Asks: 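Below is one structure. I have some questions about it.
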Amino acid sequence: MVVVLEENHSYSQVIGNSAMPFLNQLATANSVATQYDANAHPSLPNYFMLTTGQLITMDDKFPGPVADDNMVRELVTAGKSWKSYAESLPSVGYTGGDKYPYVKHHNPFAYFTDVIGTAQAANLVPFPQFSADLSAGQLPSFSFIIPNLQHNAHDCLNGGTTCSDNDKLAAADTWLQQNIGPLLNDPNFQASGLLIVVFDEGALSDLAGGGGHVAMVMAGTGVKKGFQSNVSHDHAALLRLVLKGLGVPNLPGSAAIAGDMAEFF
């Protein structure tokens, strides 16, 4: 299971946009959710919903820590491996504050008491480790991939926010093609893998579901080809899908009652 997070664009800005040819080709060839809503504005509550099944906070400056039930606790209990691959993370195990273009509030695992000050902190790694693990056939059961602010459609490629939305999206798409594209050709992934690319929230003016109508693209083993789902889903449903797909029996928070996204398979 590999989940990649992009930033702050609504479905209508992404799907069908020629600025993102790689992601749109992936969506057309595989599966895309047409009725998927984020849960809140700003970013951090969406990242927590994806990992705890709860919003936890509505403040991107929330200092933590978070002791609520979460993915790490359930994955470890179930004997599953995990890593958070965060681009521009200063060092392995780093749980400190922002170091631009890395920002902590895009890395929910850095808030969990199950990680901070424990052996699990070694699973917070800079992004280059992903390529190394992929090449060595050593990806964990669950990979959470966090491009930095210049590569996730949040900021411009060279920093700042003065470029156009299409410039931001194009930079994110190029990064996906260069860094996630090789995953799709990996024999281990082709045998048993699932890739999910999802946006954390829509444009600030988009309040659908609380956080906006966003794109969620799925590819991999068993995923329907050329499929569009019209079923309503949100980040809690995605948390449920990931954990159930990995055979984890206990589902945190709203994941326990969310839809199961079975129509994609």
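Since we're looking at a predicted model, the values are computed, not measured. The analysis underlying the following values was restricted to heavy atoms, covering all of them including side chains, and did not include hydrogens, waters or symmetry mates.
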Asks: Under a 3.5 Å threshold, yes or no: a donor from one side chain and an acceptor from the other, between D68 and T52?
Replies: no

Asks: Would L139 end up clustered with V92 when hydrophobic side chains under 4.5 Å apart are linked, directly or stepwise?
Replies: yes

Asks: Would you confirm whether D186, through its side chain, and P182, through its main-chain N or O, come within 3.5 Å as a donor-acceptor pair?
Replies: no

Asks: Side-chain contact test, heavy atoms from C-beta onward, threshold under 4.5 Å: evaluate it for H233 versus M261 and give yes or no.
Replies: yes

Asks: Would you please test F144 and N123 for side-chain contact (heavy atoms from CB on, under 4.5 Å) and show each step?
Replies: CA-CA 10 Å; F144 194 81; N123 294 319; over 6 Å; no

Asks: Set out, in order, the CA-CA distance, both residues' side-chain angles and the distance that settles side-chain contact (heavy atoms from CB on, under 4.5 Å) for T51 and N70, then state yes or no.
Replies: CA-CA 6 Å; T51 52; N70 61 78; 5.5 Å; no

Asks: Are L239 and S254 close enough that some pair of their side-chain heavy atoms sits under 4.5 Å apart?
Replies: no

Asks: So Y11 and H213, would you call those rings parallel, tilted or perpendicular, with 30° and 60° as cut-offs?
Replies: parallel

Asks: When clusters are formed from ILVMFWY side-chain contacts under 4.5 Å, directly or step by step, what else is grouped with M49?
Replies: L55, M58

Asks: Please say yes or no: joined through hydrophobic side-chain contacts below 4.5 Å, possibly via intermediate residues, are V197 and L149 part of one cluster?
Replies: no

Asks: With sequence neighbours left out, what residues match N24 under side-chain hydrogen bond (donor to acceptor under 3.5 Å, both in side chains)?
Replies: none

Asks: If you count the non-hydrogen atoms of other residues, nucleotides and ligands that lie under 6.0 Å from NZ in K224, is the total more than 12?
Replies: yes

Asks: For the backbone of D167 and the side chain of S164, can you confirm whether one donor and one acceptor N or O come within less than 3.5 Å of each other?
Replies: yes

Asks: For H106 and Y47, which heavy atoms make the closest approach, and how far apart are they?
Replies: O-CE2, 3.2 Å

Asks: Return the set of residues passing side chain to side chain contact (heavy atoms under 4.5 Å, CB included) with S88 (not counting sequence neighbours), or none when no residue passes.
Replies: P101, Y102, N148

Asks: For residues S229 and E263, is any side-chain donor paired with an opposing acceptor at under 3.5 Å?
Replies: yes

Asks: List the steps, then state whether side-chain contact (heavy atoms from CB on, under 4.5 Å) holds for V76 with W82.
Replies: CA-CA 8 Å; V76 171; W82 71 278; 4.2 Å; yes

Asks: Same hydrophobic cluster for I116 and M71, using side-chain heavy-atom links shorter than 4.5 Å among ILVMFWY?
Replies: no

Asks: When you compare the side chain of F265 with that of M218, does any pair of heavy atoms fall below 4.5 Å?
Replies: yes

Asks: Are any non-hydrogen side-chain atoms of N179 and F127 less than 4.5 angstrom apart?
Replies: yes

Asks: Would you call K83-D133 a salt bridge at under 4.0 Å N-O?
Replies: yes

Asks: Checking one residue: L207. Which other hydrophobic residues are in its cluster under the side-chain 4.5 Å linking rule?
Replies: none

Asks: Below 4.5 Å, heavy atoms only, C-beta onward: do D59 and L44 meet side chain to side chain?
Replies: no

Asks: Test L169 against V14 for side-chain contact (heavy atoms from CB on, under 4.5 Å), laying out the working first.
Replies: CA-CA 8 Å; L169 291 168; V14 174; 4.3 Å; yes

Asks: Closest heavy-atom contact between A219 and N30?
Replies: CB-CG, 3.5 Å

Asks: Can you find a heavy atom in the side chain of S81 that is under 4.5 Å from one in the side chain of L75?
Replies: no

Asks: With heavy-atom distances below 4.5 Å as the criterion, would you say the side chains of Y100 and D155 are in contact?
Replies: yes

Asks: Using the test side chain to side chain contact (heavy atoms under 4.5 Å, CB included), find all partners of T113 that sit at least two apart in sequence or belong to another chain.
Replies: P65, A67, R73

Asks: Give me the one residue out of V66, I146, V72 that meets side chain to side chain contact (heavy atoms under 4.5 Å, CB included) with F109.
Replies: V72

Asks: Can you list everything that forms a side chain to side chain contact (heavy atoms under 4.5 Å, CB included) with T174? Sequence neighbours excluded, please.
Replies: Q178

Asks: According to a hydrophobic-cluster definition based on side-chain heavy atoms being under 4.5 Å apart (Ile, Leu, Val, Met, Phe, Trp, Tyr only), do V103 and L50 belong together?
Replies: no

Asks: Are the side chain of K104 and the backbone of T95 linked by a donor-acceptor contact shorter than 3.5 Å?
Replies: yes

Asks: Please check this pair: side chain of S143 against backbone of V2, looking for a donor-acceptor N/O pair closer than 3.5 Å.
Replies: no

Asks: Given side-chain hydrogen bond (donor to acceptor under 3.5 Å, both in side chains), test Q150 with W175 step by step and report yes or no.
Replies: CA-CA 10 Å; Q150 296 171 2; W175 191 93; over 6 Å; no

